[in-house]
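Notes follow the structure.
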Amino acid sequence: MKLISTVKEMQGMANEVRMHGKIISFVPTMGALHDGHLRLISEGRRRGDILVVSIFVNPIQFAPNEDLNKYPRNLDGDLEKIKDLGVDVVFNPITEEIYPEGFQTYVEVKVLQEYLCGLFRPEHFKGVATVVLKLFNIVKPHVALFGEKDYQQLKIIQRMVKDLNLEVEIKGFLIVRDKNGLALSSRNSYLSSDEMERAFSVSKALSEIKKEFDKGIRDTKTIIEAGGKTLREVGITNIDYLEICDPETLKRKELAEDGDLVAVGVRLGGARLIDNIRL
Ligand code: PAF
C-alpha cells in the first residue's frame, strides 16, 4: 500500500497505470473509516486493477460554524484498518496541495443542491462537487464508489459527471448499519452513549414511515407523522427535514409511490445525522 501526498505524484502514477490499460477504481473518503467505508473499499477492490482510496478532510464543504476542526482524524488508525483490503494507493494530501494560494474555481450542481441537506448547509455541496471533480482529475479513476447514506451527494456527483461529460462510472452502495439499525457515519463518534441510544430512533422513524406506506397510505403528510412521532418520543426535536421525495429530482412529494426516497436529517447533541430508505 503506497502513500501518496502530492498531486503530481498521484497524477503521474494514474497516467502510467492508464497507459498500461489498467482500470483504476477509487473510493474518496474524509478518513475516520468505518465498516461502511470498508465495504466500499472491498467493492472497489473487485472493480479495478489498481484501487485508490483518498483520505482528505475537505475544508470547503464545511461552513464556518460546522465541525471542521473537530472532525475525527486518525491516519494511522485508518491505514491499519485497510491494510489487508488490497488497497494499492492511499492519496492523503495536505490542504494546501488541493487548495493552493489563489484557488478560486468551484463547481455547483445548481438544482439538486437546493433540497434536503442543501437547505441547511448552503455551501456544502458546492464544496463536495468541487473537491470530487478535483480528485477525479488527480486520481483519474474509471470507476468511483460512494455510499448511499449521503444520497443527495451521490445524486449530485452523478449529475455533475453527466453534465460535465466526465469519463468515470459512479457506483452507489447500500447503507451499512450497526446492529441497532443506526447508519454508520464518522460523526457517530460525537454521540454520548445516551445520545447513541436515542439515535437508533432515526432509522426506526424511517421504518415506521415505510410501514404506513406498506399499509396503503399514500398521503405523505400522514405517513411522515408516524416517523415524526418516533423521533419526538426520544426527544429528537431538532429535525432539519423528514420527507418523502422523488429519488431522482429530490423534490418533495405529496403522494408517495413505490421507490420514493424517505430522507431524514436531525441534530442530536454535537452530531448531525442523516439517513434514508426507499419505499
Ligand atoms: O462523503 C465524503 O466522505 C465526502 O463528502 C467526500 C465525497 C469524500 C468529499 O469530500
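First listed ligand is number 1; within each ligand, the first listed atom is number 1.
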Handout entry: Between F62 and Y71, ring centroids under 6.0 Å
Key =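 Yes - the distance between ring centres of F62 and Y71 falls below the 6.0 Å cut-off.
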Exercise for the section: Decide whether an N or O pair under 3.5 Å exists between N58 and ligand 1. Expected result: no
Exercise for the section: Answer yes or no: does an N/O atom from T29 fall short of 3.5 Å to an N/O atom of ligand 1? Expected result: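 Such a contact does not occur with ligand 1.
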Handout entry: Of the listed options H124, H37, Q61, closest to atom 4 (C) of ligand 1 (non-hydrogen atoms)
Key =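 It is Q61 that holds the nearest heavy atom.
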Exercise for the section: Using distance alone, with no hydrogens and no angle criterion, decide if N276 and K149 have a side-chain donor and acceptor under 3.5 Å apart. Expected result: no
Problem - Shortest protein heavy-atom distance from atom 7 (C) of ligand 1, along with the residue and atom involved - result: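 Protein heavy atom at minimum distance: Q153 NE2, 3.5 Å.
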Just distance, no hydrogens or angles: give the donor-acceptor pairs under 3.5 Å from side chains in residues 105-117, sequence neighbours left out.
unit_1 : atom_1 : unit_2 : atom_2 : d
E108   : OE2    : Q113   : NE2    : 2.8

Exercise for the section: Output all residues satisfying side chain to side chain contact (heavy atoms under 4.5 Å, CB included) with T6, sequence neighbours left out; order by chain, then residue number. Expected result: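 Residues passing side chain to side chain contact (heavy atoms under 4.5 Å, CB included) with T6: K8, E9, E97.
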Fill in the blank from the handout: side chain to side chain contact (heavy atoms under 4.5 Å, CB included) test vs C245 passes for just one of L261, D260, T220, namely L261
Problem - Atom indices of ligand 1 within 4.0 angstrom of V131 heavy atoms, with elements - result: 9 (C), 10 (O)
